[in-house]
Amino acid sequence: MAGKIVLIDGHSILNRAFYGLPDLTNAEGLHTNAVYGFLNIMFKILEEEKPEYLTVAFDVHAPTFRHNMYAEYKGTRKPMADELRQQVPIIKEVLHAMGIKTIEKAGLEADDLLGTISRRCEQEGMEVSVISGDRDLLQLATEHVKIRIPKTKQGKTEVEDYYAKDVKERYQVTPKEFIDLKALMGDTSDNIPGVPSIGEKTATKIITEYHSIENAYEHVEEVKPPRASKALKEHWDLAVMSKTLATIHVDADFAYSLEEARLGNIYTEEAYAYFQRLQFKNLLNRFDVTAPSNAVEDGFTEIRERKEADRIFAKAGKALAVGVCVFKNTKNVLPLFAGQAGPGGIGICFGRENVFCIYAENDITMDYLVERVKEVSESVQVFSMFDIKAAMSYLEIGGREHSFDALVAAYLLNPLKNDYTYEDVAREQLDLILEDKAEDYVKVCYEAYTAWASIEPLTAKLKEEQMWQLFTEIEMPLVFTLYDMEQNGVKVEAEALRSYGAQLGVKIVELEKEIYDTAGEEFNINSPKQLGVILFEKMGLKGGRKTKTGYSTAADVLEKLAPDYPIITKILEYRQLTKLKSTYADGLAAYINEDGRIHGRFNQTITATGRISSTEPNLQNIPIRMELGRLIRKVFVPEEGYVFVDADYSQIELRVLAHCSEDAQLIQAYKEAQDIHRLTASQVFHTPFEEVTDLQRRNAKAVNFGIVYGISSYGLSEDLSIDIKEAKQYIEQYFKTYPGIKSFLDDTVKHAKEMGYVVTLFGRRRPVPELKSSNFMQRSFGERVAMNAPIQGTAADIMKIAMCAVNNRLKENHMKSRLVLQVHDELLVETYHTEVEEVKQILKEEMEQAASLEVPLVVDMHTGENWYEAK
DNA sequence: AGGTTCACG
DNA sequence: ACGTACGTGAACCTA
């Protein structure tokens, strides 16, 4: 019976996958990286081999894995990582769901199962491939049994293949002799002691000469070198035991039905459900099933005539809810405009049977579509889209109050994801999968359908998780405020920016020369690698902290290392200048629009905590701490006839902490408008308030920051350059001073460990899966995240409320002034000269009243002719 | 593509 | 013993 079978060493491959991939978790907090990696390796093998049969073998008792085995031998066995152990039953269930045969037998190791099955199959005349991460299995290799060892190299899986001849080539011994080789040299990672003082080289020499340990023992007096001869005599028992340990049984006695191992369709509905639950997005594409439940595509229709479109919009206007999307004309529809990426039409859905792709062609113009969509958005009860802010570049939306952005909803439900596509939402909320090869109109209809159909499940989930108010009252209004801000943009003086950059350029060239002179050669200063060679090898500085790739050359390291080496000072200055030039001077210049303004993007669905992020360019990290960098802010200017009014919250995060912790002393201090850092210093350092030194205050400030970040004594000690012990004492004193904060932070972490997430004052959730990790570092990270997220997130909530309120007041009052930037705790308003007082009033009122806390929210304001002056 | 560095809150 | 402060984005280098 000819044919081909693939045998997989289950635990070994799972183990490989586990250590080869970063930690992944699904929404339930299950760890999935090993399962994911296993499946990837398996699919790759199956595609290459296309076998008729497949079996995965496991040990009955989850073994300690290779890296632990030495420890086990030494009697200090560590348990298998919990995250890995949890995944063993999962992979078995997944395999069963795919109809794949698994085998495990009490009293037999997986190795023996693999060995025996491969021998039996070979005898039937089959070709066998054994997949394992374990080189011990090489002893099974023959002319027809191939051992395949997957290696994960830089994210890619490569497989080393060994037939008998390949083993011989690589190790100079036959597969059978490989056992004897192992018996002599041992395998620290595999519980095989071997013979002391015999390593790989000696063992290879002995086995190539004598072919077995028994034969070598018979000629033990002739064995060279003498050291090995002596060792073999003395430790013959060890050698024998090692050989027993290393030998894989190929004649074990157990029942195995090849027919059960026959591969059928592994892409079953059951498997599909599993993959979905585990969130293996990439792997889902392998399934052919368009939609396990139904065929929504039957309701999809293409529209190219005005008459039909009229009819559809009339019906849509009466619907309770509609889903809409816009599409561009890039590739297909209108060849005339190909490449210009203007709008090509819309998708609209108001029921399963009413899903349309309407093209802007023939007698349908885009203006017509924009007008109809605007009307529909006003008349329906729920108007849903993905990424409304992006769509607003093409469409007008009338009914802002009842708009529903499914992108934003999906983000709130899980803010940890990297991206949120409508395909994701369709899959997660509707159990729908779109085929990659679907026609364009199908994709358009599908997006509109998903926008419509996901309203209900998303709403239900938001309500269930008590985020509905957050969604409707904070996030949805914010969509439009952010859109306004993007449209407004901020004016930047291109010429001033250019000359600033040119000045930097001159200084950079000078510095470059000086650095080359000092170093005695030219090199790329921006290359940490080359710089490391110069500093640590050529100049003999002793390296401090190390990174994955070598010595760290980060500024704080270099400063501590050699504060008064002139070359270090120059390098740091060079870094500073090149950063300013490339990222800010040249970088920003590239974004100035024809209208003289930069229209950056403000992203609502990026951060884990609820903050907004800023890209293309990032306008939230314009320099301010160093004077030279701060000067850049002079190029950010209001238009003629306007000034800037800048308003920022004073210590908003600490105030939020005071409120949330209900710490009596901190609340009182804020009510009395005391200097918090000075007060903290006075308490922590037992110094009368009036006598607190600048240094003490500075240190106390660092402690306050640390608390917000989820304090650790190590972090604080690094920041303040003090002993960890000393930092510990600071923290202890701090918690004695503010006991409410201590108990609040403890409670927060406790809640997070129980529930798996933390919550802001306004109900925003952040899952913290790291808390379940068995890895100390990861778990500690989870604890800090749990402490920080409610504080940072609440502050973000408050700012979002404030900025919408400010924006709305400016618009309601028909003012010329406009909101142009948000920088987490700061708003910048380009203010018409006659409106300055009113704008200040609005900013102060709306920001300070955005939330009513146990402590006052305080806003500082400045005006100026540019951003530099206004801060 | 991933790592390092550094700009901001 | 483990090796860090929380949250971002951009430029540059290295592979």
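Every chain is numbered from 1 and lettered A, B, ... according to where its sequence line falls, protein lines coming before strand lines.
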Quiz prompt | Whole-Å P distance, C:dC2 and B:dC6 | solution = 26 Å
Self-check item: Residue-phosphate contact under 4.0 Å: A:Ser582 side-chain N/O, C:dC12 OP1/OP2
Solution: yes
Quiz item: Could you state the NZ-C1' distance from A:Lys581 to C:dC12, rounded to the nearest angstrom?
Solution: 15 Å
Exercise. Tell me what A:Gln530 touches on the nucleic acid: a base, only sugar-phosphate, or nothing, going by heavy atoms under 4.0 Å.
Key: sugar-phosphate
Practice problem: Identify whether any heavy atom of A:Asp719 sits under 4.0 Å from a base atom; if not, whether one sits that close to sugar-phosphate; answer base, sugar-phosphate or nothing. | Solution: base
Quiz item: When the nearest nucleotide of DNA chain C is assigned to A:Pro415 and to A:Ala702 on a heavy-atom basis, which residue is associated with the more 5' position?
Solution: A:Ala702
Practice problem: Check whether any side-chain N or O of A:Ser780 sits under 4.0 Å from OP1 or OP2 of C:dC2, and answer yes or no. | Solution: no
Quiz prompt | Integer-rounded Å distance: C:dC12 C1' and A:Leu531 CG | solution = 14 Å
Practice problem: Tell me which of A:Ser713 and A:Val785 sits closer to the 5' end of DNA chain C, going by the nucleotide each one is nearest to. | Solution: A:Ser713
Quiz prompt | Nearest listed nucleotide, side chain of A:Phe781, among C:dA10, C:dC6, C:dC12 | solution = C:dC6
Quiz item: Could you give the NZ-to-C1' distance, from A:Lys728 to C:dA5, as a whole number of Å?
Solution: 16 Å
Quiz item: Do you see a donor-acceptor pair shorter than 3.5 Å between the side chains of A:Ser774 and A:Glu83?
Solution: yes
Self-check item: Gap between atoms CG and P, on A:Asp797 and C:dG7 respectively (whole Å)
Solution: 16 Å
Self-check item: Atom-to-atom span, CZ of A:Phe602 to P of C:dG9 - whole angstrom
Solution: 12 Å
Below 3.5 Å, can you tabulate the donor-acceptor pairs from side chains in residues 713-725 of chain A to any protein atom, sequence neighbours excluded?
residue	atom	partner	partner atom	Å
A:Ser717	OG	A:Ser713	O	3.4
A:Ser717	OG	A:Tyr714	O	2.7

Practice problem: If a protein heavy atom is under 4.0 Å from the base, mark B; if only from the sugar-phosphate, S; if neither, -; do that for nucleotides 4-9 of chain B going 5' to 3'. | Solution: SSBBBB
Quiz item: Would you say A:Lys529 reaches C:dC12's phosphate, i.e. side-chain N/O to OP1/OP2 under 4.0 Å?
Solution: no
Quiz item: Given C:dA5, is OP1 or OP2 found less than 4.0 Å from the side-chain N or O atoms of A:Arg784?
Solution: no
Quiz item: Is A:Ala789 touching bases, backbone alone, or none of the nucleic acid, heavy atoms closer than 4.0 Å?
Solution: nothing
Self-check item: Candidate nucleotides C:dA5, C:dG3, C:dG7, ranked by approach to the side chain of A:Asn788 - the nearest
Solution: C:dG7
Exercise. Just call it for A:Ile606: base, sugar-phosphate, or nothing, with non-hydrogen atoms closer than 4.0 Å on any strand.
Key: sugar-phosphate
Quiz item: Any luck finding a side-chain donor-acceptor pair between A:Tyr734 and A:Asn704 under 3.5 Å?
Solution: yes
Quiz prompt | Check: A:Asp648 and A:Met861 side chains under 4.5 Å, non-hydrogen atoms | solution = no
Quiz item: Does a donor on one side chain and an acceptor on the other come within less than 3.5 Å for A:Tyr670 and A:Gln651?
Solution: yes
Quiz item: Under 4.0 Å between a Lys/Arg side-chain N and an Asp/Glu carboxylate O for A:Lys742 and A:Asp746?
Solution: yes
Quiz item: Near A:Lys560 NZ, under 6.0 Å, is it more than 12 heavy atoms from other residues, nucleotides or ligands?
Solution: yes
Quiz prompt | By side chain to side chain contact (heavy atoms under 4.5 Å, CB included) - contacts of A:Glu486 (at least two apart) | solution = A:Lys389, A:Arg601, A:Phe602
Quiz prompt | Under 4.0 angstrom between A:Thr607 side-chain N/O and C:dT8 OP1 or OP2 | solution = no
Quiz item: Is there a side-chain contact (heavy atoms from CB on, under 4.5 Å) between A:Tyr868 and A:Val637 once you walk through the steps?
Solution: CA-CA 9 Å; A:Tyr868 180 93; A:Val637 293; over 6 Å; no
Practice problem: Could you summarise the pairing of DNA chain C as dot-bracket text, marking Watson-Crick and G-U pairs under 3.5 Å with ( ) or [ ] inside the strand and | across strands? | Solution: .....|||||||||.
Please list, one pair per line, the donor and acceptor atoms closer than 3.5 Å that link side chains of residues 782-803 of chain A to other protein atoms, with sequence neighbours excluded.
residue	atom	partner	partner atom	Å
A:Glu783	OE2	A:Lys753	NZ	2.9
A:Asn788	OD1	A:Gln792	NE2	3.4
A:Asn788	ND2	A:Val708	O	2.9
A:Gln792	OE1	A:Thr609	OG1	2.8
A:Thr794	OG1	A:Leu761	N	3.1
A:Thr794	OG1	A:Pro790	O	2.5
A:Asp797	OD1	A:Arg764	NE	2.8
A:Asp797	OD1	A:Arg764	NH2	2.8
A:Asp797	OD2	A:Thr760	OG1	2.6
A:Lys800	NZ	A:Glu475	OE1	3.4
A:Lys800	NZ	A:Glu475	OE2	2.8
A:Lys800	NZ	A:Gly610	O	2.7

Practice problem: Please state the P separation for the pair C:dT4 and B:dG3 - nearest whole angstrom. | Solution: 14 Å
Practice problem: In sequence, state the C-alpha distance, the side-chain angles, and the governing distance for A:Tyr730 and A:Phe685, and then conclude on ring pair (Phe, Tyr, Trp, His ring centres under 6.0 Å). | Solution: CA-CA 8 Å; A:Tyr730 285 13; A:Phe685 304 121; 5.0 Å; yes
Self-check item: Length of the line joining A:Gln604:CD and C:dG7:P, which is rounded to integer Å
Solution: 20 Å
Practice problem: Have a look at A:Ala727 and say if it touches a base, only the backbone sugar-phosphate, or nothing, with a 4.0 Å heavy-atom cut-off. | Solution: nothing
Self-check item: Separation of C:dA5 C1' from A:Tyr714 OH (nearest whole Å)
Solution: 10 Å
Practice problem: Could you work out the separation of B:dA7 and C:dG3 based on their C1' atoms and round it to a whole Å? | Solution: 25 Å
Exercise. Could you check whether A:Gly710 gets within reach of a base, just the sugar-phosphate, or nothing at all, counting any heavy atom under 4.0 Å?
Key: nothing
Practice problem: Give, for atom CD of A:Gln778 and atom NZ of A:Lys772, the distance between the pair rounded to the nearest 0.5 Å. | Solution: 13.5 Å
Quiz item: Is there a donor-acceptor pair closer than 3.5 Å between any side-chain N or O of A:Arg655 and the backbone N or O of A:Pro856?
Solution: yes
Quiz prompt | Distance in angstrom units between A:Glu718 CD and C:dC6 C1', rounded | solution = 16 Å
Practice problem: Taking only heavy atoms on the protein side, list every residue of residues 762-775 of chain A lying under 4.0 Å from any atom of DNA chain C, sorted numerically. | Solution: A:Arg766
Quiz item: For A:Asp860 and A:Ser650, does a side-chain donor sit closer than 3.5 Å to a side-chain acceptor?
Solution: no
